[in-house]
Amino acid sequence: MIGQLEDILAQLIELRERAIAELEGITTSAQLDEWDTRYLGRNRGELKNISAVMPKLTKEERPVIGQKINTVKAALEQALKDRREALKQREMLQRLEQERLDVTLPGRTLPAGHMHPLSRVIQESTDIFVRMGFQIVQGPEVETDYYNFQALNVPTDHPARDMQDTFWVAPGEILLRTQTSPMQIRSMKRQRPPIRVVVPGKVYRNEALDASHEAVFHQIEGLLIDEYCTMADLKGVLERFAHEMFGPERRLRFRGSYFPFTEPSAEVDISCASCNGTGCRVCKYTGWLEVLGSGMVHPKVLREVGYDPAKYRGFAFGMGVERIAMLKYGVSDIRLFSGNDLRFLRQF
Ligand code: 2NL
């Protein structure tokens, strides 16, 4: 039976060669599975078919063939495993190639907002006053006639109280504040001197609107009360403010003026930054730009909050935030600040 043995061995060698050659050409895992069943399948795999002859072999031949079959089986199993691994690698490389990412591409920038120019001016201004020892106070926009007018020595027949100038909520009683002074009156009633407060906030005036007038605008008011306080202190504080806000080259000029709540009163001009005071279109050839109103607190106002004018005196000032921002940034129309046009806002 030597012939049969050799025949089987030859079949095994041929099977192994063929199976491995075929394996080389396989490119998908479905083909691999198909190959697996065809050659190594327990049911009708080619190797199984060859093993079927085992019972016909002699006792001596059986282990020889059995061992050979096992060797071929192990070789094919190993080859299958290697091919699977190689295919996996290939698929991974293909995916890496296809799903390639350029990590050097610039990211998508998210649009970031920033402070409104008016908020910035308010923040910068209050910072300057905080450095000079003032406290920042805020309060309601809906006020009483008493805090907005009476306590400030604004007479009942004063034109500011007129229907044309004030937005009344309940005529003669409740109104939208026309300045932030009401909070300063409250501060004085609440505490004793020395007092140093600054009140930023929204104010309302029923005015004809144009490039320099809005019905809703912002104001920063300051108040200082102490035993020894003169106009020189007022000038010093305002000069410091102007220098920090507009630059140390700017000069200030005080012009006599009138407000019901201060006596004496002064309007303050700043030397024009465009021409350095020599005169140009910006300052209408005067060399000066009006920035704020100020004065020594009127004795009637001091008395109203319970202070003895013989013992205490103080100064106060008020400025329009929009006006400061217009001067600082060279804006020619106040309405731009409330227009919400991003082309304008993005410039700050
Ligand atoms: C201006 C002028 C000013 C004040 C506001 C004030 C407040 C108290 C007492 C006295 Cl509690 N005065 N405030 C004083 C002078 C001027 O504002 O032209 N504002 C835009």
Side-chain angles (χ1 to χ4, degrees), residues 118 121-122 125 129 134-140 143-155 158-160 165-166 177-205 207 212-226 229 231 233-235 237-238 241-242 252-270 289-307 309 312-327 334:
L118 294 181
V121 166
I122 289 174
S125 304
F129 289 115
F134 285 82
Q135 84 189 106
I136 310 300
V137 176
Q138 281 173 291
E143 273 290 359
T144 60
D145 177 81
Y146 172 79
Y147 281 108
N148 195 83
F149 290 133
Q150 270 168 253
L152 284 153
N153 190 39
V154 180
H158 193 279
D165 287 29
T166 302
R177 66 181 181 190
T178 60
Q179 45 196 11
T180 60
S181 334
M183 261 336 269
Q184 300 184 305
I185 297 293
R186 284 205 184 79
S187 293
M188 287 191 283
K189 287 189 176 221
R190 222 179 256 166
Q191 41 189 313
R192 301 280 92 189
I195 283 181
R196 280 179 285 189
V197 290
V198 162
V199 191
K202 222 173 248 168
V203 296
Y204 301 82
R205 286 186 200 173
E207 285 186 299
S212 43
H213 295 89
E214 280 248 72
V216 183
F217 60 103
H218 299 79
Q219 213 192 17
I220 295 174
E221 275 198 60
L223 173 79
L224 183 146
I225 312 278
D226 209 339
C229 175
M231 255 191 136
D233 300 305
L234 169 65
K235 289 185 83 172
V237 165
L238 292 181
F241 170 77
L252 288 187
R253 179 175 80 169
F254 287 70
R255 258 185 303 112
S257 185
Y258 173 80
F259 300 110
F261 26 87
T262 47
E263 182 59 37
S265 303
E267 268 173 289
V268 182
D269 301 334
I270 188 168
L289 294 158
E290 193 186 319
V291 271
L292 53 87
S294 67
M296 301 307 289
V297 178
H298 199 289
K300 280 193 180 170
V301 175
L302 292 175
R303 222 172 277 124
E304 181 62 40
V305 296
Y307 295 178
Y312 296 113
R313 63 213 70 221
F315 63 76
F317 55 87
M319 60 183 106
V321 175
E322 281 81 354
R323 174 141 189 90
I324 301 290
M326 287 167 85
L327 293 175
I334 193 174

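Whatever order the structure lists them in is the order used to number ligands and atoms, beginning at 1.
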**Q** Examine the proximity of ligand 1 to Ser265 and report which part, side chain or backbone, both or neither, has a heavy atom under 4.0 Å away.
**A** neither

**Q** Can a donor-acceptor pair be found between the side chains of Thr178 and Asn148 at a distance below 3.5 Å?
**A** yes

**Q** Only one of Gln184, Arg186, Gln219 passes side chain to side chain contact (heavy atoms under 4.5 Å, CB included) with Val199; say which it is.
**A** Gln184

**Q** Hey, which atoms in ligand 1 end up nearer than 4.0 Å to a heavy atom of Gln184?
**A** 7 (C), 8 (C), 11 (Cl)

**Q** What protein heavy atom lies closest to atom 1 (C) of ligand 1? Include the residue and the distance to one decimal.
**A** Gly318 O, 3.6 Å

**Q** Are Phe317 and Phe129 an aromatic pair, judged by ring center distance below 6.0 Å?
**A** yes

**Q** For a quick check under 3.5 Å, do Glu143 and Tyr204 share a side-chain donor-acceptor pair by atom type?
**A** no

**Q** Enumerate the atoms of ligand 1 whose separation from the nearest heavy atom of Met188 is less than 4.0 angstrom.
**A** 11 (Cl)

**Q** Which bit of Phe259 is near ligand 1, meaning a heavy atom under 4.0 Å away: side chain, backbone, both or neither?
**A** side chain

**Q** Does any N or O of ligand 1 fall below 3.5 Å from an N or O anywhere on Glu221, backbone included?
**A** yes

**Q** Tell me whether Thr180 contacts the main-chain N or O of Ile220 through its side chain, where contact means a donor paired with an acceptor under 3.5 Å.
**A** no

**Q** Return yes if some donor-acceptor pair links the side-chain N/O of Arg177 with the main-chain N/O of Lys202 below 3.5 Å, else return no.
**A** yes

**Q** With a cut-off of 4.0 Å, which atoms of ligand 1 are near a heavy atom of Gln219?
**A** 19 (N), 20 (C)

**Q** With heavy-atom distances below 4.0 Å as the criterion, list the atoms of ligand 1 near Leu152.
**A** 7 (C), 8 (C), 9 (C), 11 (Cl)

**Q** What's the shortest distance from atom 12 (N) of ligand 1 to any protein heavy atom, and which residue and atom give it?
**A** Ala316 CB, 3.2 Å

**Q** Run the numbers for me: atoms of ligand 1, each under 4.0 Å from some heavy atom of Thr262, listed by number.
**A** 10 (C), 12 (N), 14 (C), 15 (C)

**Q** Can you see which heavy atom on Cys229 is nearest to which on Gly314, and at what distance?
**A** SG-CA, 3.8 Å

